[in-house]
Amino acid sequence: MRKFKTESKRILDLMINSIYTHKEIFLREILSNASDAIDKLYYKSLMENLSFTKDDFQIKIDIDKEKGILKVTDNGIGMTEKELEDNLGVIAKSGSYDFVKNLKEKKDIEIIGQFGVGFYSAFMVSDKVEVLTKAYGSGQAFLWTSKGAEGYEIKSAEKEQHGTDVIMYIKKSVEEENYEEFLSEYRIRELVKKYSDYIKYPIKMDVEKTKKDPEDEKKSIKYKEEETLNTMIPLWKRNKSEIKEEEYNNFYKETFFDFENPLKVIHTSVEGMSVDYNAILFIPSKAPFNYYTKNYEKGIRLYTKGILIMEKCAELLPDYFSFVKGMVDSELTLNISRETIQHNSQLKRIAKSIQKKIKSELLDMMQSDREKYEKFFNEFGLQLKYGMYENWGMNKDEVKDLILFYSLNEEKMISFKEYVEKMKDSQKYIYYAQGKSVDAIKLLPQVEKVREYGYDILCMTEEIDEFAIKVLNEYDKKEFRSVSSGDLGLDEKEKDIESKKDKEILKFIKDSLEDKVVKVRLSASLRTHPVCLASEGDVSIEMEKVFKAMPNSKGITAQKILEINPNHKIYEKIKKLYEEDKEELKDISQILLTQAMLIEGLPIENPAEYSDMVCKRL
Ligand code: ADP
């Protein structure tokens, strides 16, 4: 496991890179707290057979322009005195408040959500905040008051209904900051639409309207009418094609307290007898600061028929996909309590389906948007590798195709599949090398040995890597083999004996022979002859001879390879000509090919020309 030190770096990153957002987000924070509080009571009601229905719940926004007050009221679960102390006190008590207070720039405020101090954002726009609350089932209400820096007070209070009022005393506008806009009906309506439209409960406000005065047609009278500002349709129930990217992004950031847009949104719905759900799943752009620590809790929000059942249903995600965030809303009635959840077969089927979907989306990304996939892998690849290795490799087959390693031949990250596709016929194993870095690996002598054969090597630079590979053992029936192992399964004959310079010269010869040959290479087996012919592909030299002998041969030919003996004097000559007389080397190339054809017993195309070329040099 990596240690915690990334956290401090992360905070720094956040401070430097967070994108500027207006203080307007305070409203969505307060509204989502209100919605959560109602969820809690609704859930309790379902579990304990209380007589609430969904229609009993609402959130109300009141604006008092004269007093400069914006009030958000919910009839949710409310808080006891202790909960008030624990939930809202802790911010002022812990380091978070100092932290927030000392932020140099306003834009840094966006990271607040990550620290679970959403409520505190009310102080971005308020001089004073009061929370009047009464817990469901309790006889006593309490009032929490704070002006920010100094701390807070709690005292007994009067309140009729259970639930919470958050009363914000909006700051006076100053030159560069308009706070009073948050006392405008129009602006509030706009903000509810923008950030909180899909909140499941009605967000109501008394809106000023005008109508004609029945007594005097020319006059109009102002009156107030309660209006519901949000549509209440959760994003996942809406039609994919009608949702703008920005909506997904806002929704994600608000719900999961991230300040960056998600890397990938997966919006899916599955209908069937045994599984039936809508889901929105997100892959974050960056691993949360505590991702690779014990404190990170995986899970997906679980709803059934629109009702939140569980905040973080861990059973819906395998550990190797623990980075996925999102929500699943099942149309089936899930009879779930925390004790039975592990054995719930419906839930298991949903989990399986989700898992499949995530995997296929990732594979798709790997194919279609490699850059994005590498960004993803950079953040979460380590987790995938753990996934391969944990539980004795129980899930290795699910994960193996998602893993990338750096390839020495390709000089980029590749998958096992891509490695195997490029393996040579003579290559027995998937080679890998371990080291601190790719550069360090390149210098290993064993690496050089394997590369002499042109075989690729995967670089393992993380501690987990070799364990993961050991668990996998093979891919596509090809065993993994460390370059430092005793038996590398190398066949001397296959050795790549060409230096960089050789390759350059051989390419020149190949180019001057045009398509008469597919390749020119140095031979490892020629002892005395200067040249010979080999072939690749389906048609061998012998077969070409047979075809040539047939009356209607249709010109079927072998894909020829010209092999040159590097130990023969002629190769010395070739090297010299390459430096000094390339035109001459072109002719010599033709002569060598013809000789090789003659040795093989193949007819030569233009005997007169060959004869001329040879005579000229005699
Ligand atoms: P978060 O919502 O991330 O937990 P907040 O600072 O927004 O952090 O809120 C802290 C806690 O205060 C919440 O978790 C919740 O328990 C409590 N809380 C906030 N607003 C309400 C509310 N309207 N009704 C009941 N509890 C609330």
Side-chain angles (χ1 to χ4, degrees), residues 409-411 418 421-427 452-456 493-526 528-617:
N409 279 7
E410 305 290 317
E411 300 186 328
E418 288 159 347
E421 277 166 4
K422 292 218 166 158
M423 269 172 85
K424 302 198 169 177
D425 291 342
S426 54
Q427 185 180 348
E452 278 177 5
Y453 291 73
Y455 300 162
D456 196 3
K493 277 207 299 272
E494 293 296 330
K495 201 164 167 176
D496 186 354
I497 50 178
E498 295 164 6
S499 70
K500 217 173 149 192
K501 189 79 206 175
D502 291 333
K503 285 198 162 73
E504 209 179 297
I505 298 170
L506 296 168
K507 184 175 181 305
F508 179 83
I509 299 176
K510 155 74 187 97
D511 290 345
S512 53
L513 293 173
E514 294 171 340
D515 52 7
K516 289 182 196 143
V517 295
V518 292
K519 204 183 282 172
V520 177
R521 70 182 175 213
L522 293 184
S523 167
S525 50
L526 278 177
T528 50
H529 285 301
V531 286
C532 73
L533 273 190
S535 69
E536 64 178 26
D538 294 334
V539 183
S540 68
I541 306 275
E542 287 311 307
M543 283 159 85
E544 178 174 329
K545 282 192 231 166
V546 175
F547 284 125
K548 282 247 160 69
M550 290 205 273
N552 46 357
S553 69
K554 295 200 184 100
I556 298 173
T557 54
Q559 300 190 321
K560 296 181 197 65
I561 298 168
L562 177 62
E563 288 197 355
I564 300 173
N565 182 353
N567 303 315
H568 196 278
K569 278 205 301 281
I570 191 72
Y571 194 56
E572 292 303 312
K573 174 94 179 168
I574 288 173
K575 283 198 261 192
K576 204 161 166 244
L577 288 177
Y578 182 73
E579 299 303 336
E580 292 164 10
D581 189 352
K582 289 212 168 70
E583 278 311 307
E584 173 66 4
L585 181 55
K586 276 188 189 168
D587 276 1
I588 294 289
S589 303
Q590 298 293 345
I591 293 173
L592 289 174
L593 175 62
T594 316
Q595 282 182 339
M597 306 254 298
L598 286 170
I599 294 168
E600 276 299 327
L602 282 170
I604 53 177
E605 273 171 32
N606 199 338
E609 190 190 45
Y610 173 63
S611 173
D612 280 353
M613 279 203 285
V614 175
C615 284
K616 219 167 80 190
R617 285 164 180 87

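The basis for the numbers below is simple: all heavy atoms, side chains too, and nothing from hydrogens, waters or symmetry mates. Remember, it's a predicted structure, so these values are computed and weren't measured experimentally.
Residues Met613 and Thr594 form no side-chain contact, since every pair of their non-hydrogen atoms from C-beta on lies 4.5 Å or further apart. A heavy-atom distance below 4.5 Å is not found between the side chains of Glu563 and His529. A 4.5 Å side-chain heavy-atom check between Asp456 and Gln427 finds every atom pair outside the cut-off.
The salt bridge (charged side-chain N to carboxylate O under 4.0 Å, His left out) check on Glu583 picks up Lys586, with sequence neighbours excluded. Remark: Leu598 engages Ile604, Tyr610 in a side-chain contact (heavy atoms from CB on, under 4.5 Å) (not counting sequence neighbours). By the side-chain contact (heavy atoms from CB on, under 4.5 Å) test, Ser611 pairs with Cys615, sequence neighbours left out. For Glu410, the side-chain hydrogen bond (donor to acceptor under 3.5 Å, both in side chains) partners are Lys422, not counting sequence neighbours.
More than 12 heavy-atom neighbours from other residues, nucleotides or ligands sit within 6.0 angstrom of NZ on Lys501. Heavy-atom neighbours of Glu605 CD from other residues, nucleotides or ligands within 6.0 Å: at or below the threshold of 12.
With rounding to the nearest 0.5 Å, the separation of CG in Leu562 from CD in Gln595 is 10.0 Å. How far CE of Met597 is from CG of Leu602: 5.0 Å, rounded to the nearest 0.5 Å. In this structure, Ile591 CD1 and Arg617 CZ are separated by 4.5 Å, a value rounded to the nearest 0.5 Å.
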All N/O donor-acceptor pairs, side-chain side in residues 505-515, below 3.5 Å, sequence neighbours left out:
unit_1, atom_1, unit_2, atom_2, d
Lys507, NZ, Asp511, OD2, 2.9
Lys510, NZ, Glu514, O, 2.8
Lys510, NZ, Val517, O, 3.1
Ser512, OG, Phe508, O, 3.2
Ser512, OG, Ile509, O, 2.9

Please set out all donor-acceptor pairs under 3.5 angstrom arising from side-chain atoms of residues 570-578, sequence neighbours excluded.
unit_1, atom_1, unit_2, atom_2, d
Tyr571, OH, Asp502, OD1, 2.8
Tyr578, OH, Glu504, OE2, 3.0

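The two residues Arg521 and Ala534 come nearest to each other via the heavy atoms NH2-CB, 3.9 Å.
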